[in-house]
Amino acid sequence: MDVYEAVTSRRSVRGFKDKPVAMEILERVLAAAAWSPSGSNIQPWNTYVMTGAPLAELKTSAVERVAHGDAWDKRQYEMYPSVLKPPYGERRSAFGKERYSALGIAREDWEARQRAAIANWNCFGAPAALFCYIDRDLGLPQWADVGMYLQTVMLLLRAEGLHSCPQMAWSQVRETVAEVLSPPDGLILFCGMSIGYEDPAVSYARTGRAPLAETVTFIGE
Ligand SMILES: Cc1cc2nc3c(=O)[nH]c(=O)nc-3n(C[C@H](O)[C@H](O)[C@H](O)COP(=O)(O)O)c2cc1C
């Protein structure tokens, strides 16, 4: 698979088969992803990989907790600004419409939306997940480094025939995750990522992108 194909075939998959992912594949992917760039090569990512019984237990606890309506854990970072100004707010609304219409869920059907959201904490059925932490004392450029690293992981997963879904949703129940992982003090859970083989029976809408001229300016010939 060439890089263009890896980039264009990567998408956030939200329906996985329960076929296990071999640990040697995950090790190969994460060893290669370690070659991601980072400012001054500080490699600010701290990754935990979970499969098998510990992941099954985590999914059960998280889903039960969310279904029960428990409050989210105190935020360690804001997922979005409280007001998303144009054009970001419009893009977010367009994404919501695409996602819920693919699932056949009406905008006002709050319960169905809630059920779809809860699938996050079941990892959409994926048999493997990673949880990526960053040190609380690091700054914005290091968060960007972590983003590059996670995209590298997702592209390498494509090369292995695997799919993924990055999930900030896991940060909302970070204490439940911490009960299983016991991360050192001072680490912030940025996101989880579901990993596995796509279940082609699950319908989806490919998310669109803004026209190139909206996000890129070319200067010169
Ligand atoms: C940092 C990050 C966090 C995300 N968190 C979630 C999440 O919690 N749940 C989810 O279903 N999708 C999540 N997504 C997926 C985005 O919705 C998705 O990337 C976006 O809509 C573009 O679609 P695509 O990835 O299929 O191209 C996240 C993506 C990123 C990069």
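Ligands are counted one by one from 1 in listed order, and the atoms in each one are counted from 1 as well. By convention here, the first residue in the shown sequence is residue 1. On a predicted model such as this, the values are computed, not experimentally measured, just so you know.
- With respect to atom 25 (O) of ligand 1, the closest heavy atom belonging to the protein is Ser12 OG, 2.7 Å.
- Applying the 4.0 Å criterion to heavy atoms of Asn120 picks out, from ligand 1, the atoms 7 (C), 8 (O), 9 (N), 10 (C), 11 (O).
- Contacts between Trp170 and ligand 1 below 4.0 angstrom, taking non-hydrogen atoms only, are absent altogether.
- Nearest-residue assignment for atom 27 (O) of ligand 1 (options Arg209, His163, Arg11; heavy-atom criterion): Arg209.
- From the protein, the heavy atom lying nearest to atom 21 (O) of ligand 1 is Phe95 CE1, 3.2 Å.
- Shown here, atom 15 (C) of ligand 1 is in close reach of the protein: a heavy atom of it lies under 4.0 Å off.
- For the side-chain hydrogen bond (donor to acceptor under 3.5 Å, both in side chains) test with Asn120, the passing option among Gln167, Arg14, Gln172 is Gln167; the others fail.
- To the nearest 0.5 angstrom, Ile42 atom CD1 is 5.0 Å from Leu138 atom CG.
- Shortest contact from atom 28 (C) of ligand 1 to any protein heavy atom: Pro166 O, 3.2 Å.
- Side chain of Asp199 to backbone of Ala201: a donor-acceptor contact under 3.5 angstrom is found.
- Ligand 1 places these atoms under 4.0 Å from at least one heavy atom of Ala169: 8 (O).
- Using a 4.0 Å cut-off between heavy atoms, Leu150 makes no contact with ligand 1 at all.
- Tested against Ser164, the residues Met154, Glu198, Arg158 include a single side-chain contact (heavy atoms from CB on, under 4.5 Å) partner, Met154.
- Ion pairing of Glu5 with Arg10 is absent here, as no side-chain N (NZ or NE/NH1/NH2) approaches a carboxylate O to less than 4.0 Å.
- With a 4.0 Å cut-off on non-hydrogen atoms, Arg99 does not touch ligand 1 at all.
- Atom CG of residue Leu189 and atom OH of residue Tyr133 lie 4.5 Å apart, to the nearest 0.5 angstrom.
- Here SG of Cys123 is found 5.0 Å from CG of Leu55. Values are rounded to the nearest 0.5 Å.
- Per-residue contacts place Phe124 under 4.0 angstrom from the following atoms of ligand 1 (heavy atoms of the residue considered): 11 (O).
- Using the six-membered ring where Trp is involved, Tyr149 and Trp45 have ring planes that are parallel, under 30° apart on the 30 and 60° scheme.
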- Task: Apply the test side-chain contact (heavy atoms from CB on, under 4.5 Å) to residues Leu155 and Val7: give CA-CA distance (whole Å), side-chain angles for both, the deciding distance (0.1 Å), then the verdict.
- Result: CA-CA 6 Å; Leu155 297 183; Val7 169; 4.0 Å; yes

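- With Val146, Thr207, Val13 as candidates, the residue nearest to atom 24 (P) of ligand 1 on a non-hydrogen basis is Thr207.
- Counting atoms of ligand 1 from 1 in the listed order, those under 4.0 Å from a heavy atom of Arg14 are 10 (C), 11 (O), 12 (N), 15 (C), 16 (C), 17 (O).
- Contact of the Tyr48 side chain with the Pro183 side chain is registered, since non-hydrogen atoms from C-beta on lie closer than 4.5 Å.
- Residue contact check for ligand 1: Arg206 places a non-hydrogen atom closer than 4.0 Å to it.
- Contacts of Cys191 with ligand 1, taken as heavy-atom pairs under 4.0 Å, are absent altogether.
- The Arg10 neighbourhood of ligand 1 comprises atoms 24 (P), 25 (O), 27 (O), with distances under 4.0 Å to a heavy atom of that residue.
- Of all the heavy atoms of Tyr204, none lies under 4.0 Å from any atom of ligand 1, so neither backbone nor side chain is involved.
- Looking only at side-chain heavy atoms (C-beta outward), Val202 and Val13 stay at 4.5 Å or farther from each other.
- Looking at atom 1 (C) of ligand 1, its nearest protein heavy atom turns out to be Phe190 CZ, 3.7 Å.
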